[in-house]
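All remarks here apply to the structure that follows.
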Amino acid sequence: MTVRGRPRLSSSSALVALDRARLSFPGSSSSTAPLDLSIGPAGTGGHVLLGRNGTGKSLLSGALVHGEGWLAGGALHRHADWRARSVSQ
């Protein structure tokens with residue numbers, strides 16, 4: 001599992017990206033299937049994460065904010081412009 005920073009953003013770059021990331025709540029022995037996701041800056045259109053109870057919204061936002069303890073595999077890439085306040089629950 002890898003958490004890395006990337007160089008400054010261009011207008012078409014992802015702010016944060018998951019590459020074949022398997023997400024898991026800290027201390028849990030189960031994890032999600034591998035997930036690929038790229039999220040651009042809010043200025044490119046904004047973002048909303050919607051879903052029914054139990055579909056993984058808190059798991060995804062926790063992984064984006066906290067990184068290491070929430071990744072069971074794969075990689076999380078963050079640009080220099082990424083800040084934890086970029087995600088709110």
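No donor-acceptor pair closer than 3.5 Å links the side chain of R20 to the backbone N or O of G73. Remark: side-chain polar atoms of K57 are not paired, donor with acceptor, to backbone N or O of L49 under 3.5 angstrom.
For the atom pair OG of S38 and CG of D19, the computed distance is 7.0 Å after rounding to the nearest 0.5 Å. Between the CG atom in L18 and the CZ atom in R78 there is a gap of 9.5 Å [rounded to 0.5 Å]. If you take OG on S61 and CG on L23, they are separated by 10.0 Å, rounding to the nearest 0.5 Å. Taken to the nearest 0.5 Å, the CG atom of L64 stands 10.0 Å off from the NE2 atom of H66. To the nearest 0.5 Å, atom CG of residue L71 and atom CG of residue L76 are 5.5 Å apart.
Remark: S28 engages S30 in a side-chain hydrogen bond (donor to acceptor under 3.5 Å, both in side chains) (not counting sequence neighbours).
In this structure, A33 and R22 approach most closely via the heavy-atom pair C-CG, 4.1 Å. When all heavy atoms are compared, the tightest approach of A21 to T32 is O-OG1, 4.1 Å.
Here the side chains of S24 and W70 are not in contact, with every heavy-atom distance at 4.5 Å or above.
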